[in-house]
Asks: 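Have a look at this one before I ask anything.
Just so we're clear, the structure is a prediction, and the values are computed from it rather than from any experiment. Proteins come first, then strands; the chains are lettered A, B, ... in the order of their sequence lines, and each starts at number 1.
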Number of protein chains: 2
Amino acid sequence: MAENLKLSNQLCFPIYALAKEVTNLYRPILTELDLTYPQYLVLLVLWEKDDLKVSEIGERLSLDSGTLTPLLKRLEQKQIIERKRDSDDERVVKIKLTSKGARLKENAECVPGKIMESFDISPENIGAIKKGITDVLTQITSKK
Amino acid sequence: MAENLKLSNQLCFPIYALAKEVTNLYRPILTELDLTYPQYLVLLVLWEKDDLKVSEIGERLSLDSGTLTPLLKRLEQKQIIERKRDSDDERVVKIKLTSKGARLKENAECVPGKIMESFDISPENIGAIKKGITDVLTQITSKK
DNA sequence: AAAGAATATATTGCGCACAATATAATTGCG
DNA sequence: CGCAATTATATTGTGCGCAATATATTCTTT
């Protein structure tokens, strides 16, 4: 068998598999907060800086409007955010946390810790792995 | 702002983002073969060992029947595989490559090379990154 | 000021990914 | 043997993720 087509020789399959495992790791924890992992990511962005355009959230997370629009509408339905057209530029939709959305942050404080418990690795090793991953990531994305 | 909720301090976000970038990298290449990345993964498994149960493919790729059944039906429609109930145990569906599916392998030989061109990293570094990722992966999955 | 280009978001359609449930076949136990 | 438990796949429903396209607004150029 051609070596290059063996699953065990693939680099990308572990990346794909790990990403799935990671979101599975978050699932039970985030379900308690009635959130999905992508919704949680959007909130991480908003907790850091509120009142953003859809496109600004998209840039941060590499997600387009086809993904974000329905996701944001679901967050709106849960009254975690507000979507409002910008009066200065009616093309723009600004996303603002509601008070409920802002308060949710306190409940989310414990999430990273719970996740890290599953990673039974030293902080240094985590740093090294993260560096490896982000290096590959910046390389791929810079190539476009 | 609480440091632990900063996006830039997350380990899992780069993993999530990298997995998306990777499938985006495969997309134009696999589109030429009329395949998606998960379909390609199924074929990697079958090219290595043919005539597998749905569950055996699922174990290999960590995918359940909810994902695989429709995916395999699409591969069947493209006449790349055959789905047939096992006569010994009618609960089991065996997946076999068609001659077209077997021939597709030749056209796929070039895929890993094209992908690796996008990773402008030395083989040693790729190996190290892969090790880091698979280590985390086995750790998480062994914890269940 | 009007027409056309550019921009921002929304919509549609398709294919995963996974939980929950359903269906059908097989096995095991009394 | 007969029936409950188990096993294997299928179905349903929800939520991404992304390409392609649509719609609406703003900017540009003349």
Asks: Quick check: any donor-acceptor pair below 3.5 Å linking the side-chain of R91(B) to the base of dT7(D)?
Replies: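 It does, because a donor-acceptor pair links the side chain of R91(B) to the base of dT7(D) below 3.5 Å.
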
Asks: In whole angstrom, give the distance that lies between atom CG of D64(A) and atom P of dT21(D).
Replies: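 Distance, rounded to whole Å: 15 Å.
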
Asks: Please compare K53(B) and P38(A) by the position of their nearest nucleotide in DNA chain D and report the one closer to 5'.
Replies: K53(B)

Asks: Whole angstrom is fine here: how far is it from CG in D88(A) over to P in dT9(C)?
Replies: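 After rounding, the gap between these two atoms is 14 Å.
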
Asks: Check DNA chain D against residues 65-74 of chain B and give the residues with a non-hydrogen atom under 4.0 Å, in numerical order.
Replies: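 Result for residues 65-74 of chain B: S65(B), G66(B), T69(B), K73(B), sorted by number.
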
Asks: Do NZ/NE/NH1/NH2 and the carboxylate oxygens of E82(B) and K96(B) come within less than 4.0 Å?
Replies: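 Looking at E82(B) and K96(B), the cut-off is not met.
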
Asks: Within this structure, what is the CZ-to-P distance between R83(B) and dA8(D), rounded to whole angstrom?
Replies: 17 Å

Asks: Among dG17(D), dA10(C), dC16(D), which nucleotide sits nearest the side chain of L63(A)?
Replies: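 Output: dG17(D).
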
Asks: Any carboxylate oxygen within less than 4.0 angstrom of a Lys/Arg side-chain nitrogen, looking at E117(B) and K114(B)?
Replies: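 No, E117(B) and K114(B) are not salt-bridged.
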
Asks: Looking only at non-hydrogen atoms, find the nearest pair between K78(A) and L35(A) and report the distance.
Replies: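 Smallest heavy-atom distance, with atoms named: NZ-CA, 4.3 Å.
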
Asks: Check every atom of dT25(D), dT9(D), dA25(C) against the side chain of D89(A) and return the nucleotide holding the closest atom.
Replies: dT25(D)

Asks: Angle class for the Y37(B)/Y16(A) ring planes (parallel below 30°, perpendicular above 60°, tilted otherwise)?
Replies: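 If you compare the ring of Y37(B) with that of Y16(A), the planes turn out perpendicular.
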
Asks: If you define the side chain from C-beta out and look only at heavy atoms, does anything of V42(A) sit under 4.5 Å from L68(A)?
Replies: yes

Asks: Under 6.0 Å from the NZ atom of K100(B), do we count more than 12 heavy atoms belonging to anything else shown?
Replies: yes

Asks: Counting only heavy atoms not in E90(B), do more than 12 fall under 6.0 Å of its CD?
Replies: yes

Asks: Heavy atoms within less than 4.0 Å of DNA chain D: which residues of residues 11-18 of chain B have one? Give them sorted by number.
Replies: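 Of all residues in residues 11-18 of chain B, the ones placing a heavy atom under 4.0 Å from DNA chain D are Y16(B).
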
Asks: Quick check on dG17(D): is either OP1 or OP2 less than 4.0 Å from any side-chain nitrogen or oxygen of N24(B)?
Replies: no

Asks: Any ion pair linking R60(A) and E48(A) (charged N to carboxylate O, less than 4.0 Å)?
Replies: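 A salt bridge is present here (some side-chain N lies under 4.0 Å from a carboxylate O).
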
Asks: What integer distance in Å separates E59(B):CD from dT7(D):P?
Replies: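 Between P of dT7(D) and CD of E59(B): 13 Å.
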
Asks: Is it the case that more than 12 heavy atoms not belonging to Q79(B) sit under 6.0 Å from its CD atom?
Replies: no

Asks: Below 30° counts as parallel, above 60° as perpendicular, anything between as tilted: where do the rings of W47(A) and Y40(A) land?
Replies: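 W47(A) vs Y40(A) ring planes: perpendicular.
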
Asks: Looking for any heavy atom pair under 4.0 Å, which part of the strands does D86(A) touch: base, sugar-phosphate only, or nothing?
Replies: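 Result for D86(A) = nothing.
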
Asks: Mind calculating the distance between CG (L75(B)) and C1' (dG15(C)) to the nearest angstrom?
Replies: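 Result: 12 Å.
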
Asks: Which part of the nucleic acid, if any, lies within contact of T31(A), taking any heavy atom under 4.0 Å across all strands shown: a base, the sugar-phosphate backbone alone, or nothing?
Replies: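 No contact.
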
Asks: Please give, in whole Å, the distance from dA8(D) P to I57(B) CD1?
Replies: 14 Å

Asks: Does T36(A) put a side-chain nitrogen or oxygen below 4.0 Å from OP1 or OP2 of dG15(D)?
Replies: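 Answer no for this pair, as no side-chain N or O of T36(A) is under 4.0 Å from OP1 or OP2.
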
Asks: Between R85(A) and dA8(C), is there a contact of a side-chain N or O with OP1 or OP2 at under 4.0 Å?
Replies: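 Checking R85(A) against dA8(C): no side-chain N or O falls below 4.0 Å of OP1 or OP2.
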
Asks: Rounded to the Å, how far apart are L61(B) CG and dA17(C) P?
Replies: 10 Å

Asks: Expressed in angstrom and rounded to an integer, what is the separation of L30(B) atom CG from dC18(D) atom P?
Replies: 15 Å

Asks: Can you work out whether S55(A) or K20(A) has the more 5'-proximal nearest nucleotide on DNA chain C?
Replies: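 The residue closer to the strand's 5' end, by nearest nucleotide, is S55(A).
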
